[in-house]
Each structure stands twice: as structure tokens, then as C-alpha cells.
Student: 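First the structure, which I've put down as C-alpha cells, then a few questions once you've had a look.
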Amino acid sequence: MLEQFSVQPISSEAAKRFIADHHYAVVCPPSSRLFLGLFKPELVGVAVWGYGIRPLHTIKLLFPSLEVKDYFELCRFCVLDDEPKNTETQFLSKCIAYIKLHFAERKVLFSWADGLRGKPGYVYQAASWLYGGKIKSEFYITKSGEVVHPRLLITRYGRRDKEFTSKLGLRKVWGYQLRYCFFICSHKERKRLLKESAFSWSQNYPKMADLSWEIEAGQGSRESCQLPMLKGSGQFRSPAPLLELLRG
């Protein structure tokens, strides 16, 4: 139980430091808007709410009648590994309660579960979010198992073509991202939104066995593989490692 825990807004700087130290993605999206911390009384968890790269596109694809002001996306969610079982689920519930109280105009909460990293979304399932299907996604890995996001290559180097990634020794990995949403609107509005959505939302949840991966195999082909062994913190924290690969 989390009776001794509290959920409070924190500064973006504190949230970003925590994510950089403890979350594999390292950085927060630029469209982050709400930073909530889980205290015990020290900070043991952070939830970053806001939007992805294309907020309006995302919500219109999910629920065509809604606007950006009607939803939040859970961009980063991180709890220290040594916290008690079910802490993540209860932290998520406390975040929802906070948003209901302070952002009453919001109707839907949305998030992706990172199936690419072997996460089917168990925290959302335990909190009774609805599952809305999956999409293919991809990232690159170095020979040592360090993850490189495609957007990192585009942002820092302006390219991610095969010649460039091969020179860096990167291999592309394909997997799934899984949609989840939670309604914080009225039951009537919930029914209307479910009816208009192009996706089928249910509690027919995926498990690890429903995930799969493929890896670049050369000559434009790919082969099935198990979840690759990935290093802890994920993306490069600075351009230096990639520049070293280029020089090599």
C-alpha cells in the first residue's frame, strides 16, 4: 500500500534529472507539460505527462472528435526498482486522481507500452486501462547492445540511411508498440468516444508471448529473433559515442 507515499507536482528540472538517471529513454519529450513525483518522503518515482511528437494527429487518430486540450499522454513513467510490488500501479492511480482534480477538462489519458523492450503494458493492465492494438516500430542497436533511436540519428546527423547506419555498425530491430487508454470523462462520453474510434478497445490484454522481434540480417533481409540483450540506460547521452564510431 502507498499510504505513506504522496504524489506532488515537481519541477521539470527535477523530473528530467530523475529520468536521466533511472529511465532507459534518458530524455523527456519536448512537449512534456505535467511532472508528478512520488515521494516516500524522498523522490522514488516520476510520471511525465504531455504529448508526443504530433499531439493533434495522435488524438484525432484515436478519437476524431477530440482536440489536444482533451487528453494527456503519459510520456515517461519511472519508479525505482527497489520499491514494493504494485507501486507503479498505485502511483499511476494517484496520478489519475490528481489529473481529475486539477485538469477536469481532460477526457482521455493515453500511453504506449514499449513492446520493443519486452513490455506488454502490465502496469496499465493492472490499472484497468483499455488496450487498443499494436503497431510495428523500430530502433537500432550497437554491437554492444546500446539502443539508438531513429529520431536521434535524424536530429543529430540528418540521416539514417543504410550506408550510414552500417558504417556505424548499427543493426535495425523491429518490434511492437502497444496502445493503452483510460477514460476520465462521463460514462456517456466514454461510450460515444468508443463508438467513434477506429480502434477496438478492450481488456483482452497482450502478454509476453504476443510480442515478437526481427533483426536486420543483411542484403535487405530480416530474421526473427528473441528480445535482444539491451544495455540499461538506452540512448546515447551525448553524440560522442557515435562520433567515435564514425571516426573508427
Side-chain angles (χ1 to χ4, degrees), residues 1-52 55 58 62 70-132 177-185 190 201 203 205-208 211 230 232-235:
M1 300 297 290
L2 294 186
E3 285 81 359
Q4 76 275 27
F5 290 66
S6 64
V7 171
Q8 305 168 28
I10 59 175
S11 69
S12 61
E13 292 77 14
K16 289 174 181 178
R17 283 196 302 270
F18 191 94
I19 294 299
D21 289 341
H22 303 292
H23 193 280
Y24 63 79
V26 178
V27 297
C28 294
S31 296
S32 302
R33 294 291 181 268
L34 173 64
F35 306 90
L36 295 178
L38 180 66
F39 291 87
K40 186 191 170 182
E42 70 278 8
L43 183 65
V44 298
V46 164
V48 179
W49 301 85
Y51 310 103
T58 296
L62 298 172
D70 296 315
Y71 87 109
F72 266 146
E73 181 171 339
L74 181 55
C75 304
R76 297 287 183 266
F77 189 72
C78 182
V79 173
L80 297 182
D81 291 338
D82 56 356
E83 290 307 308
K85 187 177 180 180
N86 296 328
T87 298
E88 288 184 332
T89 300
Q90 295 184 58
F91 180 26
L92 186 57
S93 295
K94 286 178 177 285
C95 288
I96 293 170
Y98 182 93
I99 292 171
K100 284 182 176 180
L101 181 63
H102 296 279
F103 298 88
E105 73 280 8
R106 296 301 196 274
K107 298 181 179 182
V108 178
L109 303 178
F110 172 70
S111 189
W112 292 103
D114 198 353
L116 268 165
R117 287 182 172 269
K119 299 176 182 292
Y122 291 138
V123 64
Y124 306 116
Q125 297 174 18
S128 297
W129 286 45
L130 297 182
Y131 169 64
Q177 299 282 67
L178 303 96
R179 297 182 194 90
Y180 285 90
C181 80
F182 189 88
F183 292 96
I184 51 177
C185 54
R190 178 181 184 271
W201 299 93
Q203 292 184 333
Y205 296 134
K207 304 302 179 186
M208 275 294 293
L211 302 180
L230 306 173
S233 293
Q235 299 177 11

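Each residue takes its place number in the sequence, starting with 1.
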Student: Are any side-chain N or O atoms of T87 and backbone N or O atoms of P84, one a donor and one an acceptor, separated by less than 3.5 Å?
Tutor: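 Such a contact is found between T87 side chain and P84 backbone.
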Student: Checking the side chain of Y180 only, and the main-chain atoms of V123 only, is there a donor and an acceptor separated by less than 3.5 Å?
Tutor: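 Checking the backbone N and O of V123 against the side chain of Y180, no donor-acceptor pair under 3.5 Å is found.
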Student: Is it the case that K94 and Q8 place a side-chain donor and acceptor less than 3.5 Å from each other?
Tutor: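 Side-chain D/A pair, K94 to Q8: absent.
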Student: Any luck finding a side-chain donor-acceptor pair between T58 and Y51 under 3.5 Å?
Tutor: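 No - no donor-acceptor pair under 3.5 Å links their side chains.
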Student: Apply the ring-ring contact (aromatic ring centres under 6.0 Å, His included) test between W129 and each candidate in Y122, F182, Y205, W201; give the one that qualifies.
Tutor: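 The single option meeting the ring-ring contact (aromatic ring centres under 6.0 Å, His included) with W129 is F182.
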Student: Taking side chain to side chain contact (heavy atoms under 4.5 Å, CB included) as the test, write out the residues that go with S11, two or more places apart.
Tutor: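 S11 satisfies side chain to side chain contact (heavy atoms under 4.5 Å, CB included) with E13, A14 only.
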Student: Can you tell me how far the CG atom of D70 sits from the NZ atom of K107, to the nearest 0.5 Å?
Tutor: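 Rounded to the nearest 0.5 Å, the CG-NZ separation comes to 5.0 Å.
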Student: If you take all heavy atoms of L211 and P120, which pair is closest and at what distance?
Tutor: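 Closest pair (atom of L211, atom of P120, distance): CD1-CG, 4.0 Å.
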Student: For E73 versus W112, what's the shortest heavy-atom pair and its separation?
Tutor: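 Smallest heavy-atom distance, with atoms named: OE2-CD1, 3.6 Å.
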Student: Is a donor on one side and an acceptor on the other found under 3.5 Å between the side chain of Y71 and the backbone of P55?
Tutor: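 Here the side-chain-to-backbone pair exists.
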Student: Check residues 31-50 and write down every donor-acceptor pair under 3.5 Å in which the side-chain atom is one partner and the other belongs to a residue at least two apart or another chain.
Tutor:
{"residue": "S32", "atom": "OG", "partner": "P29", "partner atom": "O", "Å": "2.7"}
{"residue": "R33", "atom": "NH1", "partner": "S31", "partner atom": "O", "Å": "3.4"}
{"residue": "K40", "atom": "NZ", "partner": "E83", "partner atom": "OE1", "Å": "3.1"}

Student: Looking only at non-hydrogen atoms, find the nearest pair between L178 and K119 and report the distance.
Tutor: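 In this case the closest contact between L178 and K119 is CD1-O, 3.9 Å.
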Student: Restricting to non-hydrogen atoms, name the atom on C185 and the atom on R190 that form the minimum distance, rounded to 0.1 Å.
Tutor: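 Minimum heavy-atom separation between C185 and R190: SG-N, 3.7 Å.
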Student: Provide the closest heavy-atom pair for Q177 versus L116 in the form atom of the first, atom of the second, distance.
Tutor: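 Heavy-atom minimum between the residues: OE1-N, 4.1 Å.
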Student: Restricting to side chain to side chain contact (heavy atoms under 4.5 Å, CB included), what partner residues turn up for K100, sequence neighbours left out?
Tutor: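 For K100 the side chain to side chain contact (heavy atoms under 4.5 Å, CB included) partners, ignoring immediate neighbours, are I96, I184.
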